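Working notes, structure below.
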Amino acid sequence: MSYVVHGRQERKTTGTENKRLAEKIYGKTLADIAEGRHFDRPASIRMVEVIDKYMNEVSPFKSGSHERNRQIVEHFKSFLGDTLLEEVNPPLLSRYKSERLQTVTKKGRPVSPDTVRKELSLLRQIFNVAIDEWELCKENPVRKIIKSLPQEEKRVRYVLPEEAEKLRFTIPAWLKPIVITACQTGLRRTNLLSLTTQQVDFTSNRLIVDKTKNGDPIGIAMTSIVRDTILDVIRNRKVISPYVFCDERGRPYTPYKVSMAFKRACRRAGVDNLRLHDLRHDFATLMLRKTRNLVDVQHSLGHKDPRMSLRYAHLLPDDLKEAFSAIDNTGTALILSQIYHSEEKGKGLLVAAP
């Protein structure tokens, strides 16, 4: 069939050898064009081109995840090859999911469902942009595939007092201020290591983080421990640097160096299954236990979605004994129980509690 759309002559197959059906498809195409509903997908665009377009135009502005995105898209490119955008469908992505779940990592473990979910979440985001902004396609084939993966298990690991006692002797001196600040602010590693002296306001006792993972700025009150720690770091160093935490040349520490140093300190202390990011959970856990307020935790961590903070809700029951004691023998239950006990006593069935 041949038609004109947006001032451009187009020729393409109807996809059928049945003349009557082809005429119907042609008629519907003309009707869609007339009503402004025609969507003409570029048949020659490859999926790798769409991925590159996303990585060049969108991902760089997501500073908290750009580096991770660069690693993930290599899996997409390796699997898809020269696949055209219009050929990417749920069956193909289901095969990608299956192959990734069977892949063995360098550590000899299979790729986890959580990892595959994060990868597919990025691909879903790429398709959303291709639909909404670039108008390259109409449907997102990832949505149906990602649903079948088990929900991500949110990790909540905090430091036990006895573990902190051991770590006190194994964390190197240059790393200890970073760890202390992480435990009292809940800042992510990227924000900690890029923290500058201009972001520290000693007058109002606040840390002003210009950009967090979700793209928003956040202000964090400095505790006395954080204030004293940062002051000591700035006063005692022998180099001028705009960064709060820096090496002997004034350069910020790399995320890899900090994480590996913390990992080695944990190994020397005999502390298992603890990562630097877990200090963020340690902060949230401590705040929740002291304030019993999930909203405070949400704002302190910079979570836009309150559901992100609900991972800590399981900590509340054991810490709310006083709250439950406060409502004991009060309110509606008291009134109803008095009536109930009165009725049961009349039946001679009530046994006095010891």
Side-chain angles (χ1 to χ4, degrees), residues 105-109 112 114 152-195 200 207 213 220-238 243-248 251-292 294 296-297 300-302 308-309 311-321:
T105 65
K106 294 179 180 179
K107 295 182 179 180
R109 296 193 295 261
S112 70
D114 286 352
E152 180 181 2
E153 294 182 8
K154 298 296 184 181
R155 172 189 173 97
V156 178
R157 170 72 160 93
Y158 50 90
V159 186
L160 299 173
E162 55 270 26
E163 292 175 331
E165 281 294 329
K166 295 176 182 177
L167 288 170
R168 189 159 62 99
F169 300 102
T170 61
I171 296 177
W174 66 268
L175 179 61
K176 194 167 288 185
I178 298 175
V179 172
I180 291 172
T181 305
C183 290
Q184 287 272 292
T185 62
L187 284 174
R188 292 182 176 88
R189 181 181 62 178
T190 302
N191 294 129
L192 270 173
L193 302 185
S194 62
L195 189 68
V200 183
L207 299 178
K213 184 179 179 182
I220 299 175
M222 283 193 290
T223 62
S224 59
I225 295 177
V226 171
R227 178 187 171 89
D228 293 344
T229 298
I230 292 179
L231 277 173
D232 285 343
V233 168
I234 295 175
R235 285 171 180 167
N236 296 329
R237 66 188 181 192
K238 301 177 181 179
Y243 297 100
V244 173
F245 305 112
C246 61
D247 60 19
E248 62 279 359
R251 300 173 302 187
Y253 294 112
T254 64
Y256 178 79
K257 177 177 181 177
V258 171
S259 292
M260 287 306 298
F262 185 74
K263 184 177 181 179
R264 294 189 189 101
C266 290
R267 189 183 302 133
R268 290 193 295 269
V271 176
D272 298 324
N273 193 31
L274 186 66
R275 304 176 304 197
L276 187 73
H277 187 77
D278 292 328
L279 301 181
R280 181 170 164 85
H281 301 315
D282 191 73
F283 162 79
T285 302
L286 179 63
M287 176 169 282
L288 184 59
R289 283 178 168 166
K290 295 298 182 181
T291 66
R292 300 187 175 96
L294 272 172
D296 287 346
V297 173
S300 299
L301 293 177
M308 292 290 291
S309 305
R311 71 176 75 181
Y312 305 105
H314 73 282
L315 299 170
L316 283 171
D318 290 339
D319 293 331
L320 288 181
K321 292 180 180 178

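We use all heavy atoms of the structure for the numbers below, so side chains are in, but hydrogens, waters and symmetry mates are not. This is a predicted model, so every value here is computed, not measured. The first residue in the sequence is number 1, and the count goes up from there.
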Trp174 side chain reached by Val233 side chain, heavy atoms, under 4.5 Å:
no
Are the side chain of Asp282 and the backbone of Cys183 linked by a donor-acceptor contact shorter than 3.5 Å?
no
Heavy atoms, side chains only, cut-off 4.5 Å: are Asn191 and Leu207 in contact?
no
Less than 4.5 Å apart, any side-chain heavy atom of Leu193 and any of Pro255?
yes
Could you check whether any side-chain heavy atom of Asp272 comes within less than 4.5 Å of a side-chain heavy atom of Cys266, counting everything from C-beta outward?
no
Taking the side chain as C-beta and beyond, is there a heavy-atom pair between Leu279 and Phe262 under 4.5 Å?
yes
When you measure from the side chain of Arg280 to the backbone of Gly186, do you find a donor-acceptor pair of N or O atoms at a distance under 3.5 Å?
yes
Thr170 backbone acceptor or donor facing Arg264 side chain under 3.5 Å:
no
Mark yes or no for whether Lys263, through its side chain, and Leu276, through its backbone, hold a donor-acceptor pair below 3.5 Å.
no
If I compare all heavy atoms of Arg237 with all of Val244, which pair ends up nearest, and what's the gap?
NH1-O, 2.9 Å
Identify the heavy atoms of Cys246 and Tyr253 that sit nearest to each other, and give their distance.
O-OH, 2.9 Å
If you compare all heavy atoms of Leu167 against all heavy atoms of Ala265, which two are closest, and at what distance to 0.1 Å?
CD2-O, 3.9 Å
Any salt bridge linking Glu165 with Arg168? Criterion: basic side-chain nitrogen under 4.0 Å from a carboxylate oxygen.
yes
